[in-house]
Amino acid sequence: KSEITDDLRSFEWRYLWKRCDGNDLATLRGHAGAVTCLAFSPEGDTLFSGSRDGTVKRWDINARQCLETFPLLEAFTTTGLRKEIFSLALSPDGRTLAAGTETDVSFLDTQTRRWRLTIPSGKACIAFLPGGTRVAIGSRGTDDSSLVGTVRLYELPARDDTSAALQPVAVLRHSGGLVTVSPDGKTLVTGGYAESLTNGSDLVLLKLWDAASGRLLATNVAGGSVN
């Protein structure tokens, strides 16, 4: 029985392997669970990490050190399970950090180091609009008649406002669980699965919205996937 001994790997393979292998600058250790999401400060010298251990950590990138650990204000679900953090988003001014779990989104004041408020939501995709006071939260909620979910726009209250529960200023129904904001802050793009086609593939729904009014601008439906 003959054996193949020739190395068929080309120069390109070796070049890419060398570029990708062994170039770690540092390993940041400290979370007790898997790290699921990251967010850099606008200056780029501070990193926030979210984990399945239910905490957010603030890291000094230059010193390679953890500066602080922030356990969630409401660390457990109503059934007694520890909440896991799945998404992070930092406002453009760096003053507010949003952390999403499977049941809600909590907002941390990065200057006072205190959690400000919590908004109920399913596992969320979070995007701040320029200015940092308005935030879009997308999730696949149970109040939808389709599978594509809802995006809600919130105007965050003043930092010293501890009044009643926050209500959305606009609700973009059947918009998808994913959301992002254009650089000028004028347009929201949402995406999600609309339904299953007869051939078994998914129908992807992309929508453009006016960020100020919540008015639908355009819809695009195509086969494929959106992440």
Side-chain angles (χ1 to χ4, degrees), residues 24-130 132-141 149-154 156 159 166 168 176-181 188-192 226-227:
D24 299 28
L25 296 178
T27 300
L28 306 178
R29 303 183 186 278
H31 279 293
V35 174
T36 56
C37 46
L38 302 166
F40 263 108
S41 66
E43 299 79 15
D45 57 355
T46 301
L47 176 71
F48 293 91
S49 59
S51 169
R52 288 182 177 271
D53 65 11
T55 68
V56 172
K57 290 184 179 291
R58 184 169 71 93
W59 304 85
D60 184 321
I61 290 299
N62 297 320
R64 312 287 198 261
Q65 291 181 348
C66 178
L67 301 177
E68 286 180 277
T69 299
F70 304 99
L72 289 170
L73 187 63
E74 300 175 7
F76 295 90
T77 66
T78 55
T79 58
L81 298 177
R82 179 177 292 279
K83 293 181 181 179
E84 301 176 349
I85 297 173
F86 293 101
S87 56
L88 288 178
L90 191 64
S91 62
D93 61 4
R95 286 289 307 273
T96 304
L97 180 77
T101 72
E102 62 271 36
T103 59
D104 51 43
V105 176
S106 297
F107 294 85
L108 177 74
D109 187 318
T110 60
Q111 292 194 349
T112 64
R113 310 291 195 263
R114 295 182 178 180
W115 295 101
R116 293 177 52 195
L117 72 155
T118 298
I119 298 174
S121 174
K123 190 180 293 185
C125 180
I126 310 165
F128 279 94
L129 279 69
T133 61
R134 181 168 287 201
V135 63
I137 299 176
S139 65
R140 294 189 180 184
T150 297
V151 171
R152 292 174 172 83
L153 289 175
Y154 293 90
L156 298 181
R159 298 181 184 281
L166 197 62
L178 302 178
V179 60
T180 189
V181 184
L188 296 175
V189 181
T190 63
V226 58
N227 297 302

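Keep in mind that the numbers below use all heavy atoms, side chains included, and drop hydrogens, waters and symmetry copies.
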Between Gly132 and Leu156, the two heavy atoms sitting closest are O-CD1, 4.0 Å
Sub-3.5 Å donor-acceptor pair from the side chain of Ser51 to the main-chain atoms of Gly33, do we have one? yes
In Å and rounded to the nearest 0.5 Å, what is the CZ to OH distance from Arg134 to Tyr154? 12.5 Å
Side-chain donor or acceptor of Thr36 paired with backbone N/O of Ile85 under 3.5 Å: yes
Taking all non-hydrogen atoms of both residues into account, name the closest pair between Ala136 and Leu188 and its distance. CB-CD2, 4.4 Å
Can you see which heavy atom on Gly122 is nearest to which on Ser139, and at what distance? N-OG, 3.7 Å
Run the side-chain contact (heavy atoms from CB on, under 4.5 Å) test on Ile61 and Phe40 for me, step by step, so that the C-alpha distance in whole Å, both residues' side-chain angles and the decisive distance to 0.1 Å come before the verdict. CA-CA 10 Å; Ile61 290 299; Phe40 263 108; 3.8 Å; yes
For Trp115 and Ala99 the tightest heavy-atom approach is CH2-CB, 4.1 Å
Test Phe107 against every option in Val135, Thr118, Leu97 by the side-chain contact (heavy atoms from CB on, under 4.5 Å) rule and name the one that passes. Val135
Would you say the side-chain atoms of Ser87 pair up with the backbone N or O of Ala124, donor to acceptor, closer than 3.5 Å? yes
Side chains of Leu153 and Pro168: does their closest heavy-atom pair fall under 4.5 Å? no
Smallest heavy-atom separation, Val105 atom then Ala98 atom, equals CG1-CB, 4.0 Å
Please find the pair of heavy atoms, one from Gly177 and one from Cys125, that lie closest to each other, and give the distance. O-CB, 3.3 Å
So CD1 of Ile126 and OG1 of Thr180: to nearest 0.5 Å the spacing works out to 12.5 Å
Measuring from atom CG of Leu90 to atom OG1 of Thr96, what distance do you get when rounded to the nearest 0.5 angstrom? 8.0 Å
Kindly compute the distance separating OG1 (Thr55) from CG (Leu72), expressed to the nearest 0.5 Å. 8.0 Å
Check whether Ser91 reaches the backbone of Arg95 with its side chain - one donor and one acceptor, N or O, closer than 3.5 Å. yes
Checking Trp59 against Leu38 for the side-chain contact (heavy atoms from CB on, under 4.5 Å) test, could you report, in this order, the C-alpha distance in whole Å, the side-chain angles of both residues, the deciding distance, and whether it holds? CA-CA 11 Å; Trp59 304 85; Leu38 302 166; over 6 Å; no
Does atom CZ of Arg114 have more than 12 heavy-atom neighbours, drawn from other residues, nucleotides or ligands, at distances under 6.0 Å? no
Looking at Leu67, Asp60, Leu28, which one forms a side-chain contact (heavy atoms from CB on, under 4.5 Å) with Leu47? Leu28
Taken in chain and number order and not counting sequence neighbours, the residues that satisfy salt bridge (charged side-chain N to carboxylate O under 4.0 Å, His left out) with Lys83 are Glu74, Asp104
Check for a donor-acceptor pair, side chain of Ser41 on one end and backbone N or O of Gly44 on the other, with a separation under 3.5 Å. yes
Measure the spacing between CZ of Arg29 and NZ of Lys57 and express it to the nearest 0.5 Å. 13.5 Å
So, taking the atom named OG1 in Thr46 and the one named CG in Asn62, what distance separates them when rounded to the nearest 0.5 Å? 8.5 Å
